[in-house]
Amino acid sequence: MSDTVSTRVAGRRGFTDHALFGMAIFVFTEVMLFAAFTSSFLIIRNSTPPGIWPPEGQPRLPFERTAFNTALLLVSGVLVMLAHRAFGRRGAAAARLPLTAGLLLGTAFVGLQGVEWVGLIRQGLTLTSSQIGGFFYLIVGCHALHALCALALLALCWRGLLTGTLQRSRFAAAQLFWLFVVIVWPILWLVVYR
């Protein structure tokens, strides 16, 4: 079969763009990474004698205040899903507003988490101050890195919406990555911040 014919056949079957499949494999590996982080944290926390966790002299993590950030992130995830759905059904113009709002709320989440980190560092919670500090910055920092990368992908999708070059499968891959970031966060928040 010639290259042109095989490309046409593969294109009809949807095999020419592997963005979504590749992202699904990547997300699966990242689920394993965060499962390892949280299980290690839980083993250490649960093996500590009662009344010693969190370690003395370490600030309490701002569970209630972070609830607001969590809500921003969840709403962002819903907006990105709506944008992807609108893009598939009604086109780029219908997806711009929800994607823009989703990007802004996601950026606000990362920014507010950064402000939280600065406050915790000022209160003495550092990577080396205690086990809770080490786990906190490892787990939450890894999530922040994933959030920044996912926001960058969504920003590329937003630019593609404006220029008319966005492919649906690429948008689906970026959405999958963002939804992973959104879904894993409440689990991390409930496990680490409590």
Side-chain angles (χ1 to χ4, degrees), residues 10-35 37-38 62-117 139-194:
R12 271 188 248 128
R13 292 184 188 149
F15 296 126
T16 56
D17 191 347
H18 301 289
L20 184 58
F21 181 70
M23 186 61 73
I25 292 172
F26 174 72
V27 165
F28 178 75
T29 63
E30 296 307 286
V31 166
M32 299 302 202
L33 176 72
F34 281 100
F37 286 164
T38 55
F63 182 81
E64 293 80 13
R65 188 176 39 183
T66 307
F68 176 74
N69 298 357
T70 302
L72 289 179
L73 188 63
L74 292 171
V75 172
S76 173
V78 169
L79 288 168
V80 169
M81 283 177 25
L82 291 173
H84 182 261
R85 187 175 181 183
F87 180 66
R89 292 185 176 176
R90 296 188 314 264
R96 278 190 202 120
L97 181 60
L99 183 57
T100 302
L103 265 168
L104 291 174
L105 289 178
T107 303
F109 168 80
V110 171
L112 290 171
Q113 288 300 106
V115 169
E116 180 182 287
W117 277 32
I139 295 170
V140 177
C142 190
H143 183 268
L145 178 62
H146 283 75
L148 287 170
C149 291
L151 283 170
L153 287 177
L154 289 175
L156 288 173
C157 290
W158 183 80
R159 192 177 107 214
L161 281 177
L162 295 180
T163 60
T165 59
L166 181 61
Q167 296 174 8
R168 185 153 189 216
S169 62
R170 304 276 166 96
F171 194 3
Q175 173 191 294
L176 177 62
F177 190 24
W178 185 244
L179 291 179
F180 162 72
V181 167
V182 169
I183 291 168
V184 80
W185 175 251
I187 298 165
L188 299 178
W189 171 60
L190 290 170
V191 169
V192 175
Y193 280 72
R194 284 261 174 187

Side chain to side chain donor-acceptor pair (under 3.5 Å) against T29, all qualifying residues, sequence neighbours excluded
none
For the residue pair A147 and V110, what are the closest heavy atoms and their distance?
CB-CG2, 3.8 Å
What distance do L161 atom CG and L156 atom CG have between them, rounded to the nearest 0.5 Å?
11.5 Å
State, yes or no, whether a side-chain contact exists between F171 and L99 at a heavy-atom distance under 4.5 Å.
yes
Closest approach of A174 and L153, non-hydrogen atoms and distance?
CB-CB, 4.0 Å
Does any part of the side chain of L188, heavy atoms only, come nearer than 4.5 Å to the side chain of T38, both counted from C-beta?
yes
Ignoring hydrogens, what is the shortest heavy-atom contact between C142 and L33? Give both atom names and the distance.
SG-CD2, 3.8 Å
Listed partners of F26 passing ring-ring contact (aromatic ring centres under 6.0 Å, His included), at least two apart
F177
Taking the side chain as everything from C-beta on, heavy atoms only, tell me whether F63 gets closer than 4.5 Å to L190.
yes
How far does CD1 of I25 sit from NE2 of H18, to the nearest 0.5 angstrom?
10.5 Å
Atom of F180, atom of E30 and distance for their closest heavy-atom approach:
CZ-CB, 3.5 Å
Test side chain to side chain donor-acceptor pair (under 3.5 Å) applied to W189 - qualifying residues, sequence neighbours left out
none
Taking only residues at least two apart or on different chains, which pairs with a member in residues 156-184 satisfy salt bridge (Lys or Arg N to Asp or Glu O under 4.0 Å)?
D17-R170
Of all residues at least two apart in sequence or in a different chain, which pass the side chain to side chain donor-acceptor pair (under 3.5 Å) check with H143?
none
How long is the gap from CG on L151 to OG1 on T107, to the nearest 0.5 Å?
4.5 Å
Distance-minimising heavy-atom pair for A94 and A86:
O-CB, 3.7 Å
Below 3.5 Å, can you tabulate the donor-acceptor pairs from side chains in residues 66-84 to any protein atom, sequence neighbours excluded?
unit_1 : atom_1 : unit_2 : atom_2 : d
T66    : OG1    : P62    : O      : 2.7
T66    : OG1    : E116   : OE1    : 2.5
N69    : ND2    : Q113   : OE1    : 2.5
T70    : OG1    : T66    : O      : 2.9
T70    : OG1    : W185   : NE1    : 2.9
S76    : OG     : G102   : O      : 2.7
S76    : OG     : W178   : NE1    : 3.1
H84    : ND1    : Q175   : OE1    : 3.2

